[in-house]
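Proteins get letters first, then strands, A, B, ... in listed order; numbering begins at 1 in each.
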Amino acid sequence: MGTDRLNPDSEQELEQRIQERTADLLADIARLKQDIKERDDELRRLKQAEASLRKRLDRWQLALSGANDAERKAAEDFLKRQNQRIHLLADVSRKIHQSLHLDEILKTTVTEVQKLLQADRVLINQFQLDGAEKVLAEAVKPEWPQVLGQLFRPDQFLQSRLQQSQSPVLSDADLQTAKIDPGFRDSLQQIGVKARLVVTILTNNRQWGVLTVHHCCKTRQWRPFEIEVLEQLAAQIGIALSQAHLLNHLEEKVAERTAELTAANQQLHREIHQRRRVETALRQSERTFRAIFDNSFQFMGLLKPDGLLIAVNQTILDFGGVALSDVVGEPFWQARWWTLSSKTQRRLQDSIDQAAQGQFIRYEVDVLGSHNRIATIDFSLKPVTDEAGQVVLLISEGRDISDRKVIDRMKDDFVSVVSHELRTPLTSIHGSLKLLATGNLGDLSGEGRQMLEIADENTDRLVRLVSDFLDLQRIESGKVKMDKRLCDSAELMEQAAKAMQGMAQQHSVFLSPTPISMIFEADFDYIMQTLTNLLSNAIKFSPPGGTVWLTAELCGEEAGLGEMGKMGEMGSRGDGGDGETQQVASANRGSQPIQNPKSKIQNPGYITFQIKDQGQGIPVDKLESIFGRFQQVDASDSRNKGGTGLGLAICRRIVEQHGGKIWAESKLDRGSVFYVKLPVSTGIIHSGW
Amino acid sequence: MSTRRILIIDDEEAILAVAKLSLKMVAEWDVVTATSGPEGVIKAESEQPEAILLDVMMPQMDGISTFKQLQANAKTQAIPVILLTAKAQAVEQLQYKQIGVTGVITKPFNSLTLANEMAELLDWRL
């Protein structure tokens with residue numbers, strides 16, 4: 001999305017460019033105005049000069065009033081011509097100044113000068129880089145050849161003559177005798193020139209070109225008046241040219257900048273169009289996501305990492321019967337949903353703190369809805385991080401699982417009732433069979449006793465099954481609360497071993513406990529149940545004459561066990577007696593060693609009980625599944641070994657309820673090790689057993 | 001020592017029969033039975049047993065209510081009561097002991113060891 005967005009820098013840059021160019025244009029326009037003003041001033045001066053001349057003429061006319069007729073006539077003719085020429089000069093100057101277009105100025109000049117001086121040809125030539133002259137404007141009598149656009153080779157003597165005369169004017173009455181570059185003279189003679197008058201045109205104090213008057217029919221003696229007029233006109237042309245240049249330059253710049261502005265404008269339009277498209281797409285996307293957000297079946301909310309609500313969806317608003325404006329910007333835990341109890345609010349606050357640290361949080365909680373409806377939700381907080389890994393947002397989700405909870409409770413109640421109801425008739429059957437089996441109630445035939453034993457054994461099994469099933473259901477449903485009290489691990493181990501001693505003897509298995517003492521918090525009965533269950537399994541699956549070891553070790557918070565490595569050592573043990581000592585030593589590798597099982601351990605994080613056997617082992621793919629319900633390695637085990645298939649599932653639940661972990665490791669034909677790792681609460685003092 | 005008299009209160013007649021036979025056969029105790037709480041309270045008063053085996057889960061009046069009535073009655077409050085329950089929870093057992101019962105035996109009980117378990121709880125010698 002980022003690449004589609006209009007770059008604010010380019011916008012600013014564009015604006016700055018437009019401003020700069022506008023400033024340039026304004027400066028140019030100011031210069032042009034100044035030039036026009038200067039030209040107006042010049043014109044005014046010319047008019048003043050014209051008025052002054054008129055006054056002089058008037059005075060002369062007055063003076064001549066006393067002369068004779070012939071003299072007066074000659075004087076009047078002279079004055080008339082002078083007057084006419086002054087008029088013409090003023091006219092030419094006016095016309096030159098009326099235009100700002102270079103071609104027009106040049107054309108006007110040559111035409112008017114031709115008329116004024118009654119010349120055969122008048123040219124305005126522009127100097128080229130090599131000194132050659134290019135004819136830009138021409139006024140020529142029809143009988144003489146036109147040279148407009150032609151290029152005359154440079155007049156090698158021009159500059160030196162101008163310097164010598166210290167005047168911008170060259171006056172050649174007879175081309176034959178004049179000091180002219182011979183080549184240049186030839187080219188002039190080819191176009192019929194007999195006499196010429198040349199004046200240089202300066203623009204900005206540089207020689208721009210020449211204004212040339214040709215006389216072709218004969219030589220011509222140029223009069224001072226004519227030279228003076230030409231000189232003045234050349235000066236006028238110089239000014240006009242510089243203005244026209246400026247204007248041309250200005251127009252070029254205006255055209256160039258207009259083009260740039262047009263391009264920029266088009267670019268701006270494209271960008272605006274693109275931005276609109278992006279905005280439309282964004283709005284569409286926003287609508288789509290908003291629709292998903294609002295119509296989701298889940299309760300959804302967005303939070304800042306400090307827990308202030310940014311947004312919530314319609315589903316959760318409807319559930320709580322609250323308005324968006326009531327909750328947005330407020331701490332999440334203060335919103336109605338969480339006000340069932342201060343404990344609920346505190347838990348949410350703690351969860352937000354944890355999520356803000358990057359943790360994913362999920363738990364089930366009761367929340368308050370409209371009309372005081374209480375719903376159980378599966379609640380989660382997911383942190384969202386930026387590219388730097390900083391948590392910038394928390395996504396809160398909640399799924400109403402009230403119905404599922406009700407069904408779960410119904411299921412639990414059903415299982416509970418069924419199990420209880422089964423127990424009562426079972427008690428009678430079981431009791432009756434036991435009494436019958438005593439033989440005190442009368443003799444049975446051999447087959448009768450056999451049938452009675454079968455009934456008795458299977459009733460025993462059914463009783464265990466129902467008991468285990470009920471136990472598991474109670475633990476899973478949370479009806480059972482672990483009654484955690486301070487327990488001594490040594491006492492647990494001894495009692496568990498004692499309880500299983502009879503069974504071990506029955507199976508001809510040697511039971512080898514190595515108790516170590518650690519005081520820790522646990523439900524003594526349930527941990528006993530776990531240990532006896534694991535010992536019972538180990539005994540059942542051990543070959544006659546085998547050994548079952550019950551050991552324990554203490555380890556730090558993160559210390560692990562090198563379990564599989566130990567299997568090899570276990571398998572290599574020669575006899576049970578030595579095995580005890582070796583087992584303790586080996587089991588403590590990677591954790592705090594217990595040289596003497598009764599020695600004190602400083603600040604252990606966990607106690608791990610280990611039940612080791614020399615049985616047939618468990619295939620690797622079954623090591624996890626055996627902790628599920630009715631998941632024995634061999635389906636026939638429950639019948640052959642008298643188990644219910646629920647023992648390990650119960651053990652796992654018990655251990656989990658203690659915040660611990662249970663797992664198994666095994667090597668086929670070499671035996672198995674079952675581990676029960678339980679946390680040892682800090683601050684509990686070792687008993688020094 | 002004269003034969004000990006035991007009162008068993010349980011709504012399940014089959015249980016009553018098995019328990020009665022079990023105690024009679026193993027310990028030769030004299031067993032009186034009642035099939036409900038109210039009947040049990042009356043028989044406890046009239047028969048004056050040395051111990052009562054009381055089922056917890058019964059309709060109308062459950063074992064705990066029955067026990068409370070027995071405790072409230074001067075003629076029966078001294079009789080030790082052992083609860084018979086399918087609720088084998090340690091927490092529940094602890095709660096029962098806290099209200100003053102002598103002991104708890106869980107269902108299904110072993111008919112061959114029932115008398116021994118009771119004797120142990122009552123501190124009797126068989």
Novice: Is it true that, when you exclude B:Lys24 itself, more than 12 heavy atoms of the residues, nucleotides or ligands shown sit nearer than 6.0 Å to its NZ?
Specialist: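 Incorrect, the count does not exceed 12.
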Novice: Using the rule given for side chain to side chain contact (heavy atoms under 4.5 Å, CB included), can you reason through B:Met57 versus A:Thr424, listing the C-alpha separation, both sets of side-chain angles and the distance that settles it, and then say yes or no?
Specialist: CA-CA 10 Å; B:Met57 287 184 73; A:Thr424 304; over 6 Å; no
Novice: Between chain B and each of A:Asn440, A:Leu433, A:Leu426, count heavy-atom pairs under 4.5 Å; write down the option with the most.
Specialist: A:Asn440
Novice: Quick one: closest heavy-atom pair of A:Val463 and B:Pro108, and the distance?
Specialist: CG1-CG, 3.1 Å
Novice: Taking atom CZ of B:Phe109 as the centre, does the number of heavy atoms from other residues, nucleotides or ligands within less than 6.0 Å exceed 12?
Specialist: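 More than 12 heavy atoms, drawn from other residues, nucleotides or ligands, come within 6.0 Å of this atom.
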Novice: Please list, in residue-number order, every residue in residues 10-21 of chain B that has a heavy atom less than 4.5 Å from any heavy atom of chain A; write 'none' if there are none.
Specialist: B:Glu12, B:Ala14, B:Ile15, B:Val18, B:Leu21
Novice: Donor-acceptor pair, A:Arg423 side chain versus B:Lys107 backbone, under 3.5 Å?
Specialist: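 Confirmed, A:Arg423 side chain pairs with B:Lys107 backbone.
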Novice: Only heavy atoms, only distances under 4.5 angstrom. Which residues in residues 112-124 of chain B are near chain A?
Specialist: B:Leu112
Novice: Crowded around A:Tyr363 OH? As in, over 12 foreign heavy atoms under 6.0 Å?
Specialist: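 Enclosed: over 12 neighbouring heavy atoms sit under 6.0 Å from OH of A:Tyr363.
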Novice: Does B:Glu28 have more than 12 heavy atoms from other residues, nucleotides or ligands lying within 6.0 Å of its CD?
Specialist: no
Novice: What is the distance from atom OG of B:Ser111 to atom CD1 of A:Ile429, rounded to the nearest 0.5 Å?
Specialist: 12.5 Å
